[in-house]
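Only one structure is covered here, and it is reproduced in the block below.
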Amino acid sequence: MPELPEVETIARGLAKRVTGDVIESVWLGSKPEPLKSPARQIAATLENSRISGVRRMGKHIVIDLSQSWTASRKLRGKSSHKSSFKGDSHSTRAQWIVHLGMTGSILVCAPDAKVEKHTHLIAKLASGRELRFVDPRRFGRLSVSRNGDFEAGGFEPLDIDREEFVALFRGRKTPIKSALLNQKLLRGVGNIYADEALFRAGIRPRRQAASLTRERLERLYRSVQEVLKEAIALGGSSISDYVDADGDEGFFQLQHRVYGREGEACLVCKTPVKRVVIAGRSSHYCPRCQK
DNA sequence: ACTATTTCCTGGATGC
DNA sequence: TGCATCCAGGAAATAG
């Protein structure tokens, strides 16, 4: 389940492998697609575009696209005044936005590689390779922004400053766990890292957000950043079948202190880890260490 | 304006 | 062994 550290890892891997390549053609599966933009618009935006970079925003992968000069000519005809700007690709900036949902993955592979079940999009690259979007559970979403102005919602957890972070929870009656998962507040924190950050901060997931003191929230701020940074350094958490763009697994799952450890001894005090359901999400915590 | 609940989807695990 | 049922999760939609 890709959250911020996994998406960061994937985006970095993709950036390394496909930056500079050109998407020559796009195939979209015929079934109802997990798309947010119309299929025609996605294909039209991607085709003949050069990948100028890949980055992460929250849990979204943003693939920056620029129309190459030759592609412009091919599309618009040689008389098009649009393509006569001085070789500056910035004016045809667009974005391909990928949300992996639960089970989505982006693969870079050879064209003769077996097409996996649940492949929804294949982009043929000028280098001869293919970029494929596979998502069995179809919670992932593809979209495009034609003018490159995609906005992902709340604050980046690793960029937000302490005061902004504290202010996020002011007056919120919702459980702190739910607030951490709310992408309109913070973008990129998911179930695993919310539980892990709350454990490190010594806060129970059900605690009403507004009831936390400034000191508690400052500790949570440090915990969120710490856990995300450590996870990124280890390539994310490989739960179920997550692998990065190179097919490598992450190792942060070995560092989980509460997530997925229901009934096991707390690593600090040996009390069995509890699991409760908050907002439909399983939440793990130590009843002794977290108040 | 908020908050809580339901829905989408499929593979893997569990139960009888 | 086989079939049914449950569960996981992010975020949009819906309900309160």
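A quick note: this is a predicted structure, and the numbers were derived from the prediction, not measured. Just so we're on the same page: letters track the sequence lines, and every chain starts at 1.
- Atom OH of A:Y193 and atom P of C:dG9 are 13 Å apart (whole Å).
- Distance, A:I97 CD1 to C:dA12 P: 13 Å, rounded to whole Å.
- With distances taken from any side-chain atom of A:M102 to the nucleotides C:dA8, B:dC9, C:dA11, the minimum falls on C:dA8.
- Residue pairs satisfying the salt bridge (Lys or Arg N to Asp or Glu O under 4.0 Å) criterion with at least one member in residues 101-125 of chain A, sequence neighbours excluded, are listed as follows: A:K124-A:E130.
- Atom CG of A:L100 is separated from atom P of B:dC9 by 18 Å (rounded to the nearest Å).
- One interatomic measurement links the two molecules: CD of A:E116 to P of B:dG11, which rounds to 12 Å at whole-angstrom precision.
- The side chain of A:T103 places no N or O atom within less than 4.0 Å of a non-bridging phosphate oxygen (OP1 or OP2) of B:dC9.
- Side-chain atoms of A:D21 and A:S127 form a donor-acceptor pair, as typed in the model, at a separation below 3.5 Å.
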5' to 3', nucleotides 1-8 of chain B under a 4.0 Å protein heavy-atom cut-off (B base, S sugar-phosphate only, - none) gives --SS---B

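- Residues meeting the side chain to side chain contact (heavy atoms under 4.5 Å, CB included) test with A:A194, sequence neighbours left out: A:K177, A:L180, A:L181, A:V189.
- Between A:H118 and B:dT10 there is no side-chain N or O to OP1 or OP2 distance below 4.0 Å.
- Among the heavy atoms of the strands lying under 4.0 Å from A:R275 are primed sugar atoms or P, OP1, OP2 only; no base atom is included.
- Summary for the helix from B:dC2-C:dG16 to B:dC16-C:dG2: the axes at its two ends, each from 5 pairs, differ by 50° when rounded to the nearest 10 degrees.
- A:E6 and A:Y193 share a donor-acceptor pair across their side chains, judged by distance under 3.5 Å alone.
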Please list, one pair per line, the donor and acceptor atoms closer than 3.5 Å that link side chains of residues 274-281 of chain A to other protein atoms, with sequence neighbours excluded.
residue: A:R275; atom: NE; partner: A:E262; partner atom: OE1; Å: 3.4

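- Per the geometry, CG belonging to A:L180 stands 16 Å off C1' belonging to C:dA11, to the nearest Å.
- The structure places OG of A:S223 at 10.5 Å from CG of A:L228, a figure rounded to the nearest 0.5 Å.
- In this entry the distance linking CD of A:E262 with P of C:dC7 reads 12 Å, nearest Å.
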Open item on the list: Walk me through whether A:E218 and A:R214 qualify under salt bridge (charged side-chain N to carboxylate O under 4.0 Å, His left out).
Closed with: CA-CA 6 Å; A:E218 288 179 358; A:R214 158 172 290 274; 2.9 Å; yes

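- Atom CG of A:D135 is separated from atom P of B:dC9 by 12 Å (rounded to the nearest Å).
- Side-chain N/O atoms of A:H284 and A:D195 include a donor and acceptor closer than 3.5 Å.
- Taking the side chain to side chain contact (heavy atoms under 4.5 Å, CB included) definition, one finds that A:N147 meets it with A:S145, A:D149, sequence neighbours left out.
- As rounded to whole Å, 10 Å separates atom P of C:dG9 from atom CG of A:L181.
- Residue A:Y259 has no polar side-chain atom (N or O) positioned under 4.0 Å from OP1 or OP2 of C:dA8.
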